[in-house]
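Notes for the one structure printed next.
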Amino acid sequence: QVQLVEFGGGLVQAGDSLRVSCTASGRTFSDYVMGWFRQAPGKEREYVAAINWSGSHTSYADSVKGRFTISRDNAKNTVYLQMNSLKPEDTAVYYCASPANRANFAYSDMGKYAYWGQGTQVTVSS
């Protein structure tokens, strides 16, 4: 059974940095794309970033491009989201996710992500 567990959320001020992590178990981590999504209160869940199995291909939502960096350590079964220059509008529950099938490129289609973590809260105060 695939399990994803997020770590590292918290309360920070605007302009600060924060790194959230997600550790996976239950299958060969290095075979699969990993993605980050977020959901703010009263809003729909939205795509943030994704990374392919080797880390050679990444993609980002326009709202975080240039501020957030996704990376992975396959030896530790962990994917990271480094968030810099945080804004109050980045406040949300952040979820990591992984698709059921292998793919060579990272993608943003939420419908293709079958496995989800429980989420970690990130709050950015102004």
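All residue numbers refer to positions in the sequence shown, counting from 1.
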Quiz item: Where is the tightest heavy-atom contact between S17 and S85, given as atom of each residue plus distance?
Solution: OG-N, 4.3 Å
Quiz prompt | Centroid-centroid under 6.0 Å between F37 and W116 rings | solution = yes
Practice problem: Identify the heavy atoms of I70 and W36 that sit nearest to each other, and give their distance. | Solution: CD1-CD1, 3.5 Å
Exercise. Flag the pair Y80 / F7 as yes when their ring centroid distance falls below 6.0 Å, and as no otherwise.
Key: no
Self-check item: Heavy-atom side-chain proximity of R27 to Y115 below 4.5 angstrom
Solution: yes
Quiz item: Do K87 and D90 sit within salt-bridge range, that is, some charged N less than 4.0 Å from a carboxylate O?
Solution: no
Quiz item: How far does CG of N84 sit from OG1 of T69, to the nearest 0.5 angstrom?
Solution: 6.5 Å
Quiz prompt | Over-ring placement of R67 relative to Y60, 6.0 Å and 45° cut-offs | solution = no
Quiz item: With hydrophobic residues grouped by side-chain heavy-atom distances under 4.5 Å, do V124 and Y95 end up in a single group?
Solution: no
Quiz prompt | Gap separating the CH2 atom of W53 from the CG atom of N104, nearest 0.5 angstrom | solution = 8.0 Å
Practice problem: Establish, from distance only, whether the side-chain atoms of Y47 and S59 form a donor-acceptor pair under 3.5 Å. | Solution: yes
Self-check item: Spacing of OG belonging to S98 relative to NZ belonging to K112, to within rounding of 0.5 Å
Solution: 13.5 Å
Quiz prompt | Minimum side-chain heavy-atom gap Y94-Q121 below 4.5 Å | solution = no
Practice problem: First locate atom CG of L81, then atom CD of E6, and finally report the distance between them rounded to the nearest 0.5 Å. | Solution: 11.0 Å
Quiz prompt | Straight-line distance of L86 CG to S126 OG, nearest 0.5 Å | solution = 13.0 Å
Quiz prompt | 4.5 Å side-chain heavy-atom contact, T123 and V12 | solution = no
Practice problem: Using a 4.5 Å cut-off on heavy atoms from C-beta on, say whether the side chain of V122 contacts that of T91. | Solution: no
Practice problem: Could you list all the salt bridge (Lys or Arg N to Asp or Glu O under 4.0 Å) pairs where at least one residue sits in residues 40-52, not counting sequence neighbours? | Solution: R38-E46
Quiz item: S54 and S56: side-chain donor and acceptor closer than 3.5 Å?
Solution: yes
Practice problem: Indicate yes or no: at least one non-hydrogen side-chain atom of Y113 is less than 4.5 angstrom from one of V33. | Solution: yes
Quiz item: How far does CG of N77 sit from OG1 of T28, to the nearest 0.5 angstrom?
Solution: 8.5 Å
Quiz item: Would a hydrophobic clustering, with Ile, Leu, Val, Met, Phe, Trp and Tyr connected at side-chain separations under 4.5 Å, put V2 with V79?
Solution: yes
Self-check item: Test item: T23 and L4 side chains (from C-beta on) under 4.5 Å apart, heavy atoms
Solution: no
Quiz item: Does R19 reach the side chain of S21, with side-chain heavy atoms less than 4.5 Å apart?
Solution: yes
Quiz item: Would one find more than 12 heavy atoms of other residues, nucleotides or ligands at under 6.0 Å from atom CD of Q39?
Solution: yes
Quiz item: F68, V20: one ILVMFWY side-chain cluster at the under-4.5 Å cut-off?
Solution: yes
Quiz item: Could you go step by step and tell me if R72 and N74 meet the side-chain contact (heavy atoms from CB on, under 4.5 Å) rule?
Solution: CA-CA 6 Å; R72 65 191 297 159; N74 287 339; 2.8 Å; yes
Quiz item: Checking H57 side chain against F105 main chain: does a donor-acceptor pair fall under 3.5 Å?
Solution: no
Quiz prompt | Within-4.5 Å side-chain heavy-atom neighbours: Q82 and S71 | solution = no
Quiz item: What are the two closest heavy atoms between A14 and P88, and how far apart are they?
Solution: CB-CD, 4.1 Å
Quiz item: Side chains of T78 and D73: is there a donor and an acceptor less than 3.5 Å apart?
Solution: no
